[in-house]
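Just passing along the structure, written as structure tokens.
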Amino acid sequence: MPRSVPIHKARNIGIAAHIDAGKTTTTERILYYTGISHKMGEVDEGSAVMDWMEQEQERGITITSAATTCLWKGYRVNIIDTPGHVDFTIEVERCLRVLDGVIAVFCAVGGVEPQSETVWRQADRYGVPRIAFINKMDRVGADMDRCVEMMRARLMAEPIVLQMPIGHEGDFVGVVDLISMRALLYDDVNLGVDFKEADIPPWLRKEAEGRRVELLESMADVEESIMERYIDGKPISSDQLIRAIRKATLSLERIPVLCGAAFKNKGVQPLLDAVVRYLPSPADIPPVSGMDLKGKNALQPADDSAPFSALAFKLMIDPYVGHLTFLRIYSGQLNTGDTVLNATKGTREKIGRLVKMHANKREEIREVYAGDIVAAIGLRNTTTGDTLCEPSSPIILESMAIPKPVMSVAIEPKTKDDQEKLGTGLSKVAMEDPSFKVSFDDETGQTLISGMGELHLEIIVDRLLREFKVDAVVGKPYVAYRETVSSKSEGEGRFVRQSGGRGQYGHVKLRVEPGERGQGVVFENKVVGGAIPKEYIRSVERGVREAAASGVLAGYSMVDVKVTIFDGSYHEVDSSERAFHIAGSIGFKSAAKKAGPLFLEPFMALDIVAPEGFIGDVISDLNGRRARIRGVDSQNGVRIVNARVPLAEMFGYATDLRSITQGRATYTMQFSGYELVPQSIARTIQEKGV
């Protein structure tokens with residue numbers, strides 16, 4: 001059966017931004033105007049289609065990314081609405097890995113906020129073209145020009161403004177389209193479905209002409225045909241300008257900027273027009289690259305006739321159908337009942353059923369094609385990041401970066417009946433969320449759950465209670481510290497055993513020194529003259545990494561360490577991989593203990609927005625939390641404090657901040673990096689072994 005929409009008319013887009021910028025509200029309006037929803041859902045009322053989880057409806061935030069499909073002017077648009085809270089950054093990460101384009105939503109008042117920068121960097125890493133939508137133009141303090149300047153300063157982007165607002169704050173009534181030089185005016189009737197196209201109001205004509213000149217000059221810098229016509233004074237048609245903007249957007253040279261007020265139903269239809277005009281189809285992006293089973297580079301073009309390949313980017317447990325595996329189809333076709341190869345694990349999977357998702361609702365389909373985003377039912381062994389492909393043409397696609405947890409809590413079932421339910425619930429949640437980890441502390445006998453922050457763990461515990469009916473006691477959160485070394489040192493690892501028969505002999509000499517930040521453990525082989533046969537070096541490295549995982553101070557994993565093996569010896573008969581594995585572990589611990597081991601702790605980037613009168617109390621409280629104040633800005637009668645603060649000092653901060661500011665301040669926090677722990681606190685950590 002042929003595809004219903006040609007591939008060049010397909011768009012796979014995500015809506016991503018800082019928390020509370022209006023992503024979900026914008027998505028709800030898109031669904032309404034494209035006919036998917038017949039009633040507008042509202043985040044504040046808990047009725048948003050895309051926020052289907054109970055926890056999302058209660059808190060008014062997006063927790064899990066939700067996918068849906070709609071049609072707009074003959075184009076099929078697959079949309080993924082992503083969370084804005086930093087604790088759920090894995091949802092954004094995996095969606096950006098499989099999307100072709102992104103709508104970056106900015107609040108017209110807040111501008112470029114911390115999580116906006118995180119999302120932008122993630123999109124940069126995957127080379128995803130973007131358009132920007134400056135939302136909430138009806139709010140007090142809305143300033144589009146300021147947002148555009150912040151994009152230049154903070155995101156190092158090259159925005160091109162395609163619209164300018166008509167009216168200010170509460171008087172915002174529409175936009176001027178700088179391409180067609182027409183005004184689009186909205187009223188409050190028909191929920192924004194109908195809008196009027198008119199001449200630009202006389203008082204805005206001069207400003208609009210000036211902004212169009214800026215647009216043409218910006219495009220002339222990147223498109224030769226526009227430059228020639230602009231220099232010669234020839235007219236530039238809307239179609240010529242649209243083609244040039246699309247080209248510049250796909251090459252990441254420019255970011256088209258539009259504006260509106262999604263909650264007030266203004267500016268969403270032109271945003272949809274911009275999606276189909278400027279963002280790429282699956283056929284516009286380069287062929288996806290991967291490795292064949294021989295380790296050679298392989299490319300798969302977005303073509304229905306090419307061998308099938310797809311990436312599993314998300315797993316979800318559906319109470320009615322069981323495991324749902326979300327797939328991005330990169331090439332070829334897939335039909336219900338097909339058998340495919342999981343190239344990552346080397347196993348075969350049978351496709352039971354295929355569905356298109358509309359948030360948590362399913363639409364059964366029989367076949368899918370290159371460029372589609374679908375969910376498969378019945379895959380038993382496929383996990384996040386696995387590649388599915390044609391068995392006769394195996395390929396492993398690039399997976400995705402999974403952030404490491406920064407916070408842990410102990411969790412214990414209240415009764416023996418809860419013990420089994422807890423294990424089942426934790427394994428299912430861990431399967432869905434790769435940034436969530438479960439471990440067992442041998443010393444205390446406790447089950448530890450680790451995640452990206454307090455809210456992340458709170459949501460997981462809430463899910464265990466509601467979905468899996470687990471009654472459990474949760475301990476106080478504690479921080480995932482790390483260990484490192486401060487100086488260079490050498491150590492010797494010798495493992496010798498004689499037990500009557502064949503013995504064990506492994507002997508290594510290692511050098512340990514500080515490595516580069518963010519590099520983890522780097523192992524280097526400098527053995528010369530055959531002192532240790534090459535086949536044993538891999539075993540030494542495994543022993544080193546195993547020892548580094550449990551540290552030398554308090555059991556935390558060691559990072560930012562460079563380990564060099566430079567000498568050793570072996571026995572012709574008694575040496576073995578196991579002996580050198582153990583020798584490597586002994587040698588590393590010996591050297592690390594002499595290399596000035598230190599603790600590292602996670603630091604968070606913190607932004608607080610508070611009224612002027614409370615700023616002294618806010619800063620005083622931060623100083624008591626070992627925070628480093630990086631700047632205090634003023635904006636529209638409020639102060640914005642930018643700081644870096646240890647995660648260990650931030651437990652329960654939401655309650656404390658509300659108390660200090662009478663509930664009038666807000667804050668956002670995201671992981672920033674690891675830094676050295678002060679000596680006095682390091683002693684406490686070591687004594688408690690926390």
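In what follows, every heavy atom counts, from backbone to side chain, and hydrogens, waters and symmetry copies are set aside.
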field: V561 side chain reached by T484 side chain, heavy atoms, under 4.5 Å
entry: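 The answer is yes, as the side chains (C-beta and beyond) meet within the 4.5 Å cut-off.
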- prompt: Residues two or more places apart in sequence or in another chain: which of them pass side-chain hydrogen bond (donor to acceptor under 3.5 Å, both in side chains) with D656?
  reply: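 Listed in chain order: R625.
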task: Using a 4.5 Å cut-off on heavy atoms from C-beta on, say whether the side chain of F614 contacts that of L657.
output: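 They are not in side-chain contact.
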- request: List the steps and the verdict of side chain to side chain contact (heavy atoms under 4.5 Å, CB included) for D143 and V109.
  value: CA-CA 6 Å; D143 189 339; V109 181; over 6 Å; no
query: If we only count heavy atoms from C-beta on, is the K437 to L448 side-chain gap below 4.5 Å?
result: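 No, too far: nothing below the 4.5 Å cut-off.
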field: Under 3.5 Å: donor-acceptor pair, side chain of R482, backbone of Y674
entry: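 Such a contact is absent between R482 side chain and Y674 backbone.
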Separation between OG1 of T27 and CG of L31, rounded to the nearest 0.5 Å: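 Answer rounded to 0.5 Å: 7.0 Å.
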Gap between atom CZ of R254 and atom OG of S218 - 0.5 Å precision: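 Interatomic distance, S218 OG to R254 CZ, rounded to 0.5 Å: 4.0 Å.
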- request: Rounded to the nearest 0.5 Å, what's the gap from CG on L258 to CG on L162? Could you check?
  value: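 Output value for this atom pair is 5.0 Å.
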- prompt: Is the backbone N or O of I615 less than 3.5 Å from a side-chain atom of R639, with the two atoms forming a donor-acceptor pair by type?
  reply: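 No: the side chain of R639 does not pair with the backbone of I615.
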task: Quick one: do T661 and D617 satisfy side chain to side chain contact (heavy atoms under 4.5 Å, CB included)? Show the steps, please.
output: CA-CA 8 Å; T661 63; D617 293 336; over 6 Å; no
- prompt: Does a side-chain heavy-atom distance below 4.5 Å link V512 with K562?
  reply: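 Not touching, per the 4.5 Å side-chain cut-off.
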- prompt: Could you give the distance from CD1 (I131) to CD1 (I103), rounded to the nearest 0.5 Å?
  reply: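 Rounded to the nearest 0.5 Å, the CD1-CD1 separation comes out at 5.0 Å.
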- prompt: Quick one: do D433 and K314 make a salt bridge, cutoff under 4.0 Å?
  reply: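 K314 and D433: not salt-bridged.
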Indicate every side-chain donor-acceptor pair of residues 132-142 with a distance under 3.5 Å to a residue at least two apart or in another chain.
unit_1: N135; atom_1: OD1; unit_2: A262; atom_2: N; d: 2.9
unit_1: N135; atom_1: ND2; unit_2: A21; atom_2: O; d: 3.1
unit_1: K136; atom_1: NZ; unit_2: D20; atom_2: O; d: 2.6
unit_1: D138; atom_1: OD2; unit_2: K264; atom_2: NZ; d: 3.3

- request: Could you tell me whether a side-chain N or O of R517 sits under 3.5 Å from a main-chain N or O of G673, the two making a donor and an acceptor?
  value: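 Not at all, since once roles are kept as given, no pair shorter than 3.5 Å links the two residues.
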message: What I want to find out is whether R130 reaches D124 closely enough, with some N-O distance under 4.0 Å, to be called a salt bridge.
response: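 Yes, charged N to carboxylate O under 4.0 Å.
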message: Please check: side-chain N/O of Q163 versus main-chain N/O of C259, any donor-acceptor pairing under 3.5 Å?
response: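 Yes.
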- prompt: Would you call the rings of Y481 and F599 parallel, tilted or perpendicular, where under 30° means parallel and over 60° means perpendicular?
  reply: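 Answer is perpendicular, since the angle exceeds 60°.
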message: If you count every heavy atom of other residues, nucleotides or ligands that lies below 6.0 Å from K421 atom NZ, does the total exceed 12?
response: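 Atom NZ in K421 is packed in, count exceeds 12.
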- prompt: Nearest heavy-atom pair of A610 and V618: which atoms, and what distance?
  reply: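 So the two residues come closest at CB-CG2, 4.3 Å.
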task: Report the residue from V609, V632, I608 that forms a side-chain contact (heavy atoms from CB on, under 4.5 Å) with I640.
output: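 Of all the options given, the one that passes is V609.
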field: Chi angles and distances behind the side chain to side chain contact (heavy atoms under 4.5 Å, CB included) call for V105, I15
entry: CA-CA 7 Å; V105 182; I15 299 185; 3.7 Å; yes
query: Would you say the side chain of F588 lies within less than 4.5 Å of the side chain of M558, judging by non-hydrogen atoms?
result: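 M558 vs F588: side chains touch.
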field: Contact check, side chains of L464 and L426, non-hydrogen atoms, under 4.5 Å
entry: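 A side-chain contact exists here, since the closest heavy-atom pair is under 4.5 Å.
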query: How long is the span from the CG atom in D607 to the CG atom in N642, to the nearest 0.5 Å?
result: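 The distance works out to 4.5 Å.
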message: Looking at S487 and A595, would you say the former's side chain and the latter's main chain have a donor-acceptor pair under 3.5 Å?
response: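 Indeed, once roles are kept as given, a pair shorter than 3.5 Å links the two residues.
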field: Electrostatic pair E675:R628 at N-O distance under 4.0 angstrom
entry: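 Result for this pair is yes, salt bridge flagged.
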task: Run the salt-bridge test on R626 and E601 with the 4.0 Å N-O cut-off and return the result as yes or no.
output: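 Looking at R626 and E601, the cut-off is met.
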message: Any heavy-atom pair between the side chains of P159 and R152 that's under 4.5 Å?
response: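 Answer yes - side chains close enough.
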- request: Show the numbers, then the answer: is there a side chain to side chain contact (heavy atoms under 4.5 Å, CB included) between L622 and I629?
  value: CA-CA 8 Å; L622 286 176; I629 310 297; 3.7 Å; yes
message: Is it the case that the side chain of S427 and the backbone of G423 share a donor-acceptor pair, with hydrogens and angles ignored and the cut-off at 3.5 Å?
response: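 Yes; at least one donor-acceptor contact below 3.5 Å.
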message: Could you tell me if the side chain of K589 sits less than 4.5 Å from the side chain of S550, heavy atoms only?
response: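 With C-beta onward as the side chain, the pair touches.
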- request: Output yes when a side-chain donor or acceptor of S486 lies under 3.5 Å from a complementary backbone atom of P597, and no otherwise.
  value: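 Side chain of S486 to backbone of P597: no pair is present.
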task: Nearest 0.5 Å please: distance from the SG atom of C147 over to the CE atom of M151.
output: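 Here the rounded value is 9.0 Å.
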